[in-house]
Amino acid sequence: MSRKQFNNIFLKDFNIKAKKSLENNDTFLSDEEIELKRYYKKNDIKKFNHLNSIAGIGPFVRGPYSSMYVNKPWTIRQYAGFSTAEESNKFYKENLKSGQKGLSIAFDLPTHRGYDSDNPNMVGDIGKAGVAIDSVEDMKLLLDGIPLDKVSVSMTMNGAIIPIMAFYIVCAEESGCQIDKLSGTIQNDILKEYMVRNTFIYPPRESMKITSDIFSFISKKMPKFNSISISGYHMQEAGATADLELAYTLANGIEYVRAALNKGLDIDSFAKRFSFFWGIGMNHFMEIAKMRAARFLWHELLKEFKPKDPKSLCLRAHCQTSGWSLTEQEPFNNITRTSVEALSAVFGGTQSLHTNSLDEAIGLPTKFSSKIARDTQLIIQNEIGICKTVDPWGGSYYIESLTDELIKKAKIHIDEINKAGGMRKAIEKGIPKMRIEQSAAKKQAKIDNSDQVIVGVNKYKLKFQDEIKLLEIDNELVCKNQINKIKKLKKNRNNDEVKKILNEIELCAKNNNKNLLALAVEAAKKRATLGEISFAIEKVYGRYQPKIKSISGIYKSKMEKNKLFKKVIQLSDKFSENQGRRPRILIAKVGQDGHDRGAKVIASSFADMGFDVDIGPLFQSPNDVVKQAIENDVHVIGISSLAGGHKTLIKELFLNLNEYHSNEIMVVIGGIIPKADHQFLKNLGVSAIFGPGSNINEIAVKLLNLLLQKK
């Protein structure tokens with residue numbers, strides 16, 4: 001037998017065996033509990049009713065526009081804002097010169113939560129996770145020299161949306177730009193704040209009134225501006241699987257549609273200005289399918305409201321690559337992760353895209369890392385031929401199957417929300433928050449078990465890593481500058497006029513007889529501050545404080561064979577025998593940082609490990625945390641910090657511990673903590689620091705060993 005004949009027989013036999021193996025077997029479950037096959041055939045997609053979709057025609061599975069990127073590529077955006085308006089303005093101008101086509105503004109946490117920078121409780125957060133904006137004068141500095149009639153502006157703002165929109169409008173008018181020429185998007189998606197991100201101010205019902213007022217104002221006066229960007233991004237960052245992100249985002253959208261209709265607006269006056277915002281993670285094909293399924297479902301859901309304009313049925317989207325998927329370990333690997341996620345967004349048909357920087361798991365992005373992130377999009381647009389065809393994955397057996405499965409899974413979740421009375425009522429009952437937290441706990445257990453590989457974190461780990469340069473913000477200097485600007489503003493304005501317009505805003509909130517945004521525009525012209533406008537509304541609506549609930553049992557259920565988990569239980573039992581009670585930990589967020597995925601996952605997993613766990617309410621001061629720790633007689637305070645205020649806030653925490661003579665309480669911290677800050681924190685008295693990607697079992701072992709040594 002010749003070598004050629006042997007090879008042909010071998011290959012034929014191999015192919016038959018491989019085909020049988022693939023056909024007989026092999027299915028597995030995704031995180032969304034979708035049964036996936038190892039091998040897909042034409043017969044797998046015959047039954048789907050979305051296969052004949054054409055880009056630009058409902059149900060828009062293949063894209064919202066007929067030519068997609070062939071005539072015009074997606075808009076490159078970089079979400080940015082830091083320290084002062086002046087510094088952010090320089091950054092925006094540099095990016096626009098380098099190929100960026102639109103601005104995406106990040107505000108600091110006090111701004112999000114409706115506080116001015118001169119509020120003494122805001123010191124640690126000012127200018128840290130975004131730009132501080134206290135008045136229309138700050139907004140004018142932020143956008144100075146940027147042609148607002150030519151550059152679209154996207155603003156991630158929900159809580160203090162009334163003053164921020166007012167400042168933007170007045171800024172445009174005073175720079176000579178008519179507001180009907182403004183283009184861009186305001187996020188205005190308050191419902192998701194109660195599920196995940198937590199930068200709310202007012203209760204859900206009252207916040208929906210604000211959302212409706214913004215719809216009304218923009219639909220009448222700003223025809224090129226998108227009145228809402230309904231966000232799934234923060235759900236994914238908080239742990240939601242693709243089906244949950246898809247379902248809850250669309251359910252939020254329907255709640256906003258109903259709110260606008262109840263305001264008396266015609267559906268075609270606002271629905272075509274809706275846009276959506278997806279998080280794009282590392283499950284490449286699932287993310288592509290998610291965006292295609294979203295367009296199909298939105299088309300189906302909106303048809304029930306009988307719009308006359310086909311554009312009202314079309315879902316358009318902005319995407320951002322995942323921040324959660326970025327790792328502190330080997331950060332240059334994050335360039336690859338972001339590139340893969342950017343491809344997912346483009347293959348899925350996004351209209352604009354932000355790519356995260358390689359260093360965002362460690363600190364704020366530098367100019368160096370931001371350029372790499374932006375250039376990633378330029379390379380994809382210009383070098384690989386991706387803009388030469390529409391929906392290149394259309395017809396793929398695998399992608400079309402995933403699209404169909406996600407449509408079906410999302411419908412189940414949407415039905416659950418509808419049975420609860422709609423999304424606002426479901427939020428008040430805690431349904432979506434619970435489902436997302438359960439999903440996050442399952443995901444963490446998979447990572448800690450190494451069932452899901454993260455290169456450099458739980459596999460292929462290096463012992464030593466090079467340090468990379470990080471952007472440092474002088475928080476104290478930013479704070480001082482902002483306070484001085486506020487003093488100057490109040491000194492030079494007519495305070496009687498300001499008081500009068502603030503009273504009108506308060507009456508409007510009480511009587512619901514005028515448009516709050518229209519009144520806030522007048523207040524901005526008179527130089528009322530963000531905090532003053534927000535507080536005028538708060539006096540009527542109140543400030544919302546969510547109920548803290550924890551889940552248990554999920555992490556433990558995935559740890560049956562994990563040796564390290566068993567060791568934690570043994571150490572926990574040993575501590576209990578020695579001390580006569582369980583180790584007790586207070587998990588706390590300090591300052592205005594509302595990102596609580598890590599805190600919730602730690603709380604639920606530690607409860608499964610034999611700890612008594614207390615969870616502090618969001619937005620505590622260091623003094624509040626210390627008081628709760630003393631009252632509950634805890635052994636450990638665990639601080640979760642993701643917004644950069646740790647140096648100021650932890651210093652204050654230790655001052656309070658000292659004042660109450662409670663230095664025996666151990667303090668540990670986890671989150672985004674640059675290594676350059678570690679020694680400073682340890683000098684204060686922090687016993688252990690845990691960065692992103694830390695294994696929870698390893699964290700627990702270290703804490704218990706420290707406690708056993710201490711006692």
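Residues take their numbers from the sequence shown, with the count starting at 1.
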Criterion ring-ring contact (aromatic ring centres under 6.0 Å, His included) on Trp298 and Phe276, from CA distance to verdict: CA-CA 10 Å; Trp298 186 246; Phe276 288 77; 4.8 Å; yes
Side chain to side chain contact (heavy atoms under 4.5 Å, CB included) between Tyr248 and Asp243, intermediate numbers included: CA-CA 8 Å; Tyr248 292 164; Asp243 56 320; over 6 Å; no
Determine whether a donor-acceptor pair (N or O, by modelled atom type, separation under 3.5 Å) exists between the side chain of Asp138 and the backbone of Ala85. no
Let me confirm one number: the CD1-CG distance from Ile146 to Leu103, rounded to the nearest 0.5 Å. 5.0 Å
Any side-chain heavy-atom pair from Leu244 and Met235 closer than 4.5 angstrom? no
Are the side chain of Asn495 and the backbone N or O of Lys490 linked by a donor-acceptor pair below 3.5 Å? yes
Is a side-chain N or O of Thr111 found less than 3.5 angstrom from the main chain of Phe107, in a donor-acceptor match? no
Short question: side chain of Asp125, backbone of Pro110 - any donor-acceptor pair under 3.5 Å? no
Parallel, tilted or perpendicular, judged at 30° and 60°: which one describes the rings of Phe619 and Phe200? perpendicular
Is there a side-chain contact between Gln320 and Leu353 (heavy atoms, below 4.5 Å)? no
Would Glu428 and Arg424 pass as an ion pair if we require N to O under 4.0 Å? yes
Would you say CD of Glu86 has more than 12 non-hydrogen atoms from neighbouring residues, nucleotides or ligands within 6.0 angstrom? yes
Taking all non-hydrogen atoms of both residues into account, name the closest pair between Ala247 and His413 and its distance. CB-CB, 3.4 Å
Give a yes or no on whether a salt bridge exists between Lys140 and Glu174, defined as a side-chain N under 4.0 angstrom from a carboxylate O. yes
Picking from Ile639, Val590, Asn121, Thr648, what satisfies side chain to side chain contact (heavy atoms under 4.5 Å, CB included) with Pro622? Val590
Of all pairs that satisfy salt bridge (Lys or Arg N to Asp or Glu O under 4.0 Å), the ones with a partner from residues 208-231, not counting sequence neighbours: Asp213-Lys263
Distance-only, no hydrogens or angles: does the Asn226 side chain make a donor-acceptor pair with backbone N or O of Thr185 under 3.5 Å? no
Aromatic plane relationship, His595 with His234 - under 30° parallel, 30 to 60° tilted, over 60° perpendicular: tilted
Asp118 backbone acceptor or donor facing Asp116 side chain under 3.5 Å: no
Less than 4.5 Å apart, any side-chain heavy atom of Tyr194 and any of Tyr544? yes
Under 3.5 Å: donor-acceptor pair, side chain of Glu237, backbone of Trp324: yes
Measure from the side-chain N and O atoms of Asp180 to the backbone N and O of Met222, and report whether any donor-acceptor pair falls under 3.5 Å. no
Mind checking whether Val521 and Met165 have side chains closer than 4.5 Å, heavy atoms only? no
Side chain to side chain donor-acceptor pair (under 3.5 Å) against Lys600, all qualifying residues, sequence neighbours excluded: Glu437
Look at Asp134 together with Lys485 and state whether they make a salt bridge at an N to O cut-off of under 4.0 Å. no
So, do Phe277 and Tyr233 have ring centers that fall under 6.0 Å from each other? yes
How long is the gap from CZ on Phe225 to OG on Ser154, to the nearest 0.5 Å? 7.5 Å
Backbone of Glu497 reached by a side-chain donor or acceptor of Asn494 within 3.5 Å: yes
Anything under 30° is parallel, anything over 60° is perpendicular, the rest tilted; go ahead and classify Phe270 against Phe274. tilted
Test salt bridge (Lys or Arg N to Asp or Glu O under 4.0 Å), reference Glu532, set Lys539, Lys526, Arg493, output is Arg493
Should Gln187 and Lys192 be marked as a side-chain hydrogen bond (donor to acceptor under 3.5 Å, both in side chains) after you check the CA-CA gap, both sets of side-chain angles, and the distance that decides it? CA-CA 11 Å; Gln187 191 163 92; Lys192 71 103 169 47; 2.7 Å; yes
